[in-house]
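Shown next, in structure tokens, is the structure this report addresses.
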Amino acid sequence: MIVYPRILLAVDLSDESDQLISKACNIASNNNAELSVIHVIEPLSFAYGGDVPMDLSTTQDQLSEHATKNLAQFCEKLDYPVSEQLVITGHTESEIHRVAQEKSIDLIVVGSHGRHGLALLLGSTANGVLHGAPCDVLAVRVFSE
Ligand code: AMP
């Protein structure tokens with residue numbers, strides 16, 4: 001029975017992303033799903049505030065190019081065909097929600113460190129993706145390396 005025909009795997013492209021591969025590929029394979037992979041780059045202007053007296057667009061473009069190459073390398077490690085590789089600039093959680101909505105995604109797969117206590121209160125990307133997601137979210141437990 002196919003439950004999730006369209007799956008979106010969100011990766012931060014750290015070494016920990018590899019821990020998502022086998023489960024994401026298994027679920028995609030069991031559902032004969034269309035698998036898309038997304039990486040979001042937060043705009044430099046978010047980090048430095050709106051009033052940096054310089055043009056950050058070239059650096060932002062370089063970051064995006066670098067991420068596109070890294071994402072392609074990541075996708076080569078997947079034992080399942082990737083239908084779309086997406087590198088998007090914006091706020092991570094809201095861009096993942098927007099893309100999931102736009103592409104009628106049925107399941108978002110993210111990594112989760114299973115934080116607790118203060119770290120949980122401060123939030124995590126997995127938490128942020130879960131809240132307000134337009135579809136089911138699978139939080140795959142990852143371990144810091
Ligand atoms: P974090 O809570 O930031 O440690 O991230 C947990 C998970 O959120 C990662 O394993 C990814 O699935 C997802 N994630 C974090 N940052 C990004 C990003 N920039 N783009 C896409 N997914 C991300």
Side-chain angles (χ1 to χ4, degrees), residues 3-50 52 55-145:
V3 183
Y4 298 118
R6 289 190 200 90
I7 298 175
L8 181 65
L9 170 61
V11 287
D12 59 10
L13 294 177
S14 68
D15 291 345
E16 285 173 25
S17 304
D18 288 357
Q19 297 177 42
L20 303 176
I21 292 177
S22 67
K23 281 183 183 158
C25 287
N26 259 308
I27 291 168
S29 172
N30 290 340
N31 286 275
N32 198 16
E34 209 173 87
L35 177 67
S36 301
V37 185
I38 184 170
H39 174 70
V40 183
I41 304 173
E42 301 262 339
L44 288 170
S45 55
F46 279 17
Y48 294 105
V52 185
D55 182 10
L56 297 169
S57 56
T58 310
T59 315
Q60 190 76 57
D61 288 348
Q62 285 169 345
L63 282 177
S64 182
E65 267 171 44
H66 187 66
T68 303
K69 282 185 197 146
N70 283 347
L71 184 59
Q73 279 172 5
F74 173 81
C75 289
E76 276 172 20
K77 292 189 243 175
L78 270 63
D79 196 15
Y80 192 84
V82 173
S83 64
E84 229 178 341
Q85 300 180 18
L86 303 155
V87 172
I88 291 177
T89 302
H91 179 253
T92 305
E93 288 89 339
S94 42
E95 286 307 311
I96 292 172
H97 289 161
R98 186 183 62 73
V99 167
Q101 180 84 55
E102 228 174 73
K103 297 191 178 295
S104 305
I105 294 293
D106 308 287
L107 178 72
I108 302 170
V109 179
V110 288
S112 166
H113 289 97
R115 294 186 180 96
H116 50 83
L118 186 60
L120 178 60
L121 285 176
L122 291 173
S124 68
T125 309
N127 252 340
V129 170
L130 180 61
H131 294 285
C135 59
D136 289 0
V137 177
L138 173 66
V140 174
R141 187 83 154 85
V142 292
F143 298 90
S144 300
E145 292 174 347

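Fair warning: this is a prediction, and the values are worked out from it, not measured in the lab. Read the numbers this way: they start at 1 and go in the same order the structure lists the ligands and their atoms. The analysis underlying the following values was restricted to heavy atoms, covering all of them including side chains, and did not include hydrogens, waters or symmetry mates.
Between Leu86 and Val37 the shortest side-chain heavy-atom distance does not fall below 4.5 Å. Taking the side chain as every heavy atom from C-beta outward, Gln19 and Arg141 never approach each other to under 4.5 Å.
What you find for Asp18 and Lys77 is that their closest heavy atoms are OD1-NZ, 2.9 Å. Of all non-hydrogen atoms in Cys135 and Ile105, the two that sit nearest each other are CB-O, 3.3 Å. The nearest pair of heavy atoms linking Ile96 to Val129 is CD1-CG2, 3.9 Å. The two atoms that bring Val40 and Thr92 nearest to each other are CG1-CA, 3.7 Å, heavy atoms only.
The nearest protein atom to atom 19 (N) of ligand 1, hydrogens excluded, is given as Val40 O, 2.7 Å; this is a heavy-atom distance. The single protein non-hydrogen atom nearest to atom 6 (C) of ligand 1 is Gly111 O, 3.1 Å, given as residue, atom name and distance. Considering only non-hydrogen protein atoms, atom 12 (O) of ligand 1 sits nearest to Ala10 O, 2.6 Å. The single protein non-hydrogen atom nearest to atom 16 (N) of ligand 1 is Asp12 CB, 3.4 Å, given as residue, atom name and distance. Among protein heavy atoms, atom 21 (C) of ligand 1 sits closest to Val11 O, 3.1 Å. Atom 2 (O) of ligand 1 has its closest protein heavy atom at Thr125 N, 2.9 Å.
Using a 4.0 Å cut-off between heavy atoms, Ile38 contacts ligand 1 through its backbone alone, with no side-chain atom that close. Only the side chain of His113 comes within 4.0 Å of ligand 1, judged by heavy-atom distances. Under 4.0 Å from ligand 1, not a single heavy atom of Asn127 appears.
For ligand 1, the atoms sitting less than 4.0 Å from at least one non-hydrogen atom of Val110 are 12 (O), numbered in the order shown with element in parentheses. Close approach of ligand 1 to Ser124 is summarised as follows: ligand atoms under 4.0 Å from at least one heavy atom of the residue are 2 (O).
Glu16 CD to Ser144 OG: the interatomic distance, rounded to the nearest 0.5 Å, is 4.5 Å.
Contact annotation: His39 has at least one heavy atom less than 4.0 Å from an atom of ligand 1. Not a single heavy atom of Val142 sits closer than 4.0 Å to an atom of ligand 1.
Without hydrogens or angle criteria, Asp12 side chain to Ser14 main chain gives a donor-acceptor distance under 3.5 Å.
For the side-chain contact (heavy atoms from CB on, under 4.5 Å) test, residues two or more places apart in sequence or in another chain that qualify with His91 are Glu42, Phe46, Glu93, Ser94.
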